[in-house]
Chemist: 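Below are the structure tokens for one structure; questions will follow.
Worth knowing before you read on, the calculation uses all heavy atoms, side chains too, and leaves out hydrogens, waters and symmetry mates.
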Amino acid sequence: MDKVYITTAIPYVNGNPHIGHAMDYCLADVLARYFQMSGKEVKFQAGTDEHGNKIFQKAKELGVSVEEYTSENTEKFKDFIHKLGVSYTDFIRTTDTEHEKRCQEIWRKLSDHIYLAKYEGYYCTGCERFVTKKEFDENDGVCPDHQKPYEKLEEENYYFRIADFKNKIRKAIIDGEMVILPEFRKKEMLRLLEESPDVSISRPTTQLTWGVPVPDDDTQVMYVWIDALSNYITILGYPEKDISEWWPAVAQFVGKDILRFHAIIWPAMLLGLGLPLPKTVVSHGMILADGQKMSKSIGNVIDPVEVIDKYGLDAFRYYFLRHIDTFSDSDFTWAKFEEAYNNELANDLGNLVQRLATLASKNGIEIEDNNTRNFSGEYKELMEKFQFSKAFDLVWEKVQNLNKRIDEEKPWSLAKNGETEELKECLSNLISDLLSVNYELSPFIPATTEKIFEVFKNPITPPTTPLFPKN
RNA sequence: CGUGGGGUAGAGCAGUCUGGUAGCUCGUUUGGCUCAUAACCAAAAGGUCGUUGGUUCAAAUCCAACCCCCACAACCA
């Protein structure tokens, strides 16, 4: 049996789960369910990124141990993932001991490409971070948040020599060995690749302690990259285990904001380890609130949990998988959401199920349905190109066509005229086609499609409460 | 000259690669149906395709210049 591996970006647990994380999970989940239904064995990773100063400080502020803090937050993310109905199979925390050990092994294996160098720059003791030259100039050398002049500071860091891999990465991207989606991001990445400097991958312990220690140097701790990115393979047991049955991943889902790390640093690491590159890196767009970027300060943040609590999980999945484009930025407003909910979920699909079930049950129709179901060619093609919103559109067209057909074939007239044979055939066909459509809807809105399959088991019984109630 | 995306009916978008009567959804108006969650179906109205110039028998689509909006620029998606 074919095996496929799908990954999601691991969120940094210093905040609450938000809509951006939800996108990652939903997209990956649709693909996972699709592959599962296609008879593949699926491994689906999810996890949390838990190291770094921000988390360390946050815990300190709250007066709890950092272990307690990260555990609590990880639970929040797990709850969130469950709430989204995500069918992940494996969960990783970067604080897992196994992960930390494996990370150190990975560091050792990459050591030919790692060097120690001095970094000199301007540093704000208030922010506890270096600022860019540009930022320094813009603020006239004084931190606007702390009203303190930046200090010139130098520190020693380990660097990972991206330059060693640039040619190979470029070639892999161009040849499609590692596909970057969407296409326009690929171009952007190729350009960024050319400019990519070697990347700093450690911090002195004087600055950062909450992280994986650098092997054989107790004055340095790993900075995010090797620690976080390696999760995709440490979860599979790398390096002790042979991961070739799962790796390379068929798809790695990331937000466009972190695509560059997954298209440059991550491939460089893999090449350094002698591992194949992921087959596809899928970058999804951002969700805008009424045309604007969501931000806490503007106060226009859409909380996915609120949407789910108000309208149900599948309504959420429906909107975000169909009306939010898979690749480019799309807009969310409550008005649009409600419109889609009422017109499409309730009127198109909910009502279709209701009217067909009622017609069948009133006329004592029994369904003989032992067809093996499968996905249409066009649907498969779109799904395998990760064009989920397009695939969803395609299926929805079929839903609407069924409503059309009912109107054309007028089963209620057949019943009135006592044309029982014709009636039976008409309804059986309609129901059978609905169930085929339902099958294709399953990766997107699994709970609803399960209910629909339930409705059309003999004896056919119309849902007692609407699938998508209005108000 | 930082990089990338975009400007097409009231709104949201497709069409641009591979030029050839401008399309979809919602909304609006009108008609039909009655199985259904006042749901469903049909039809109509509505656009100088950002601007200007060029290529062509023909341009939303190719070329050039310009205007406007948005995102990104080491992790507050």
Chemist: Between B:rA36 atom P and A:L430 atom CG, what is the distance in whole Å?
Modeler: 16 Å

Chemist: Could you tell me the separation between the CG atom of A:N351 and the C1' atom of B:rC41, rounded to a whole number of Å?
Modeler: 12 Å

Chemist: Using the C1' atom as the reference point in each nucleotide, state the distance between B:rG15 and B:rA9 in Å, no decimals.
Modeler: 15 Å

Chemist: Quiz question: by atom type and distance under 3.5 Å, do the side chains of A:N401 and A:K398 form a donor-acceptor pair?
Modeler: no

Chemist: Of the listed nucleotides (B:rC26, B:rU37, B:rC76), which one gets closest to any side-chain atom of A:K54?
Modeler: B:rC76

Chemist: What orientation do A:F332 and A:W334 show, parallel under 30°, tilted 30 to 60°, or perpendicular over 60°?
Modeler: perpendicular

Chemist: Which base sits across from B:rU18 as a Watson-Crick or G-U pair, both distances under 3.5 Å?
Modeler: none

Chemist: Taking A:H99 for its side chain and A:T95 for its backbone only, find out whether a donor-acceptor pair lies under 3.5 Å.
Modeler: no

Chemist: Which one is paired to B:rA64, where only Watson-Crick or G-U wobble pairs with both distances under 3.5 angstrom count?
Modeler: B:rU52

Chemist: Mind checking A:F468 for me? I need base, sugar-phosphate or nothing, with any heavy atom below 4.0 Å counting as a touch.
Modeler: base

Chemist: Just by distance, do the side chain of A:H284 and the backbone of A:D325 share a donor-acceptor pair under 3.5 Å?
Modeler: no

Chemist: Under 4.0 Å, counting only non-hydrogen atoms across every strand here, what does A:K410 touch: a base, just sugar-phosphate, or nothing?
Modeler: nothing

Chemist: Could you tell me whether A:P411 contacts a base, only the sugar-phosphate backbone, or nothing, with contacts defined as non-hydrogen atoms closer than 4.0 Å?
Modeler: nothing

Chemist: Is it the case that A:Y69 and A:E50 place a side-chain donor and acceptor less than 3.5 Å from each other?
Modeler: no

Chemist: Could you tell me whether A:M23 contacts a base, only the sugar-phosphate backbone, or nothing, with contacts defined as non-hydrogen atoms closer than 4.0 Å?
Modeler: nothing

Chemist: In whole Å, what separates the P atom of B:rU48 from that of B:rA60?
Modeler: 13 Å

Chemist: Work out how far the C1' atom of B:rG23 is from that of B:rU16, and round it to whole angstrom.
Modeler: 14 Å

Chemist: Could you work out the separation of B:rA45 and B:rG5 based on their P atoms and round it to a whole Å?
Modeler: 37 Å

Chemist: Can you measure A:R355 atom CZ to B:rC41 atom P for me and round it to whole angstrom units?
Modeler: 7 Å

Chemist: Just compare B:rA39, B:rC75, B:rC33 and give me whichever is closest to any side-chain atom of A:Y223.
Modeler: B:rC75

Chemist: Checking the side chain of A:N53 only, and the main-chain atoms of A:L208 only, is there a donor and an acceptor separated by less than 3.5 Å?
Modeler: no

Chemist: Could you check which of B:rA42, B:rA36, B:rU25 has an atom nearest any side-chain atom of A:Q354?
Modeler: B:rA36

Chemist: CD of A:E338 versus P of B:rG27: gap in Å, rounded?
Modeler: 14 Å

Chemist: Side-chain N or O of A:K390 versus OP1/OP2 of B:rA14: is the shortest distance under 4.0 Å?
Modeler: no

Chemist: Using ring pair (Phe, Tyr, Trp, His ring centres under 6.0 Å), reason through A:H51 and A:Y223 one step at a time and then give a plain yes or no.
Modeler: CA-CA 9 Å; A:H51 288 130; A:Y223 180 63; over 10 Å; no

Chemist: A:G350 near the nucleic acid: base, sugar-phosphate alone, or nothing, with a heavy-atom cut-off under 4.0 Å?
Modeler: base

Chemist: Can you tell me the distance, in whole Å, between the NZ atom of A:K187 and the P atom of B:rG2?
Modeler: 19 Å

Chemist: Is it the case that the base of B:rA39 and the side chain of A:N347 share a donor-acceptor contact (distance under 3.5 Å, atom types as modelled)?
Modeler: no

Chemist: Could you give the CG-to-P distance, from A:D393 to B:rG15, as a whole number of Å?
Modeler: 12 Å

Chemist: Between A:K362 and A:F184, which is nearer to the 5' end of RNA chain B once each is assigned its nearest nucleotide?
Modeler: A:F184

Chemist: Taking only side-chain N and O atoms of A:K404, does any of them lie within less than 4.0 angstrom of OP1 or OP2 on B:rA42?
Modeler: yes

Chemist: B:rU37, B:rC26, B:rC41: which one has an atom nearest the side-chain heavy atoms of A:D407?
Modeler: B:rC41

Chemist: In whole Å, measure the gap between the C1' atoms of B:rG46 and B:rU30 for me.
Modeler: 15 Å

Chemist: If we call it a pair only when both distances are under 3.5 Å in a Watson-Crick or G-U wobble match, what pairs with B:rC75?
Modeler: none

Chemist: Counting only side-chain heavy atoms from C-beta out, which of B:rC40, B:rG4, B:rC26 sits nearest to A:N403?
Modeler: B:rC40

Chemist: Is B:rG4 paired to anything, Watson-Crick or G-U wobble with both distances less than 3.5 Å, and if yes, which nucleotide?
Modeler: B:rC70

Chemist: Paired with B:rA45 by Watson-Crick or G-U wobble geometry, both distances under 3.5 Å: which nucleotide is it?
Modeler: none

Chemist: Return the value, rounded to whole Å, for the distance between atom CH2 of A:W334 and atom P of B:rA11.
Modeler: 24 Å

Chemist: Below 3.5 Å is the cut-off: list the nitrogen or oxygen pairs between protein and nucleotides 69-72 of chain B, distance only.
Modeler:
{"unit_1": "B:rA71", "atom_1": "O2'", "unit_2": "A:K256", "atom_2": "NZ", "d": "2.9"}
{"unit_1": "B:rC72", "atom_1": "OP1", "unit_2": "A:K293", "atom_2": "NZ", "d": "2.2"}

Chemist: Under 4.0 Å between any heavy atoms, over every strand shown, what does A:N343 touch: base, sugar-phosphate, or nothing? Just pick one.
Modeler: sugar-phosphate

Chemist: Determine the interatomic distance between P on B:rG27 and the same-named atom on B:rA22; round to the nearest Å.
Modeler: 26 Å

Chemist: Under 3.5 Å, side chain of A:D164 to main-chain N/O of A:H113, donor-acceptor pair present?
Modeler: no

Chemist: Please assess A:H262 against A:Y232 for the test side chain to side chain donor-acceptor pair (under 3.5 Å), listing each intermediate value before the final yes or no.
Modeler: CA-CA 11 Å; A:H262 288 79; A:Y232 301 124; 2.7 Å; yes

Chemist: Could you measure between the two C1' atoms, the one in B:rG47 and the one in B:rC57, and give it in whole Å?
Modeler: 25 Å

Chemist: Please determine, for the side chain of A:W225, which listed nucleotide (B:rA74, B:rG5, B:rA36) has the closest atom?
Modeler: B:rA74

Chemist: So, taking the atom named CG in A:L84 and the one named OH in A:Y25, what distance separates them when rounded to the nearest 0.5 Å?
Modeler: 8.5 Å

Chemist: Rounded to the Å, how far apart are A:L352 CG and B:rU37 P?
Modeler: 13 Å

Chemist: Suppose you measure atom C1' in B:rC75 against the same atom in B:rG6; what distance do you get, rounded to whole Å?
Modeler: 26 Å

Chemist: Suppose we screen for salt bridge (charged side-chain N to carboxylate O under 4.0 Å, His left out). Which residues come up paired with A:D314, at least two apart in sequence or across chains?
Modeler: none

Chemist: Using a heavy-atom cut-off of under 4.0 Å over every strand shown, decide if A:I258 touches base, sugar-phosphate, or nothing.
Modeler: nothing

Chemist: Start at the 5' end of RNA chain B and walk down; is the nucleotide closest to A:L192 or to A:K416 reached first?
Modeler: A:L192

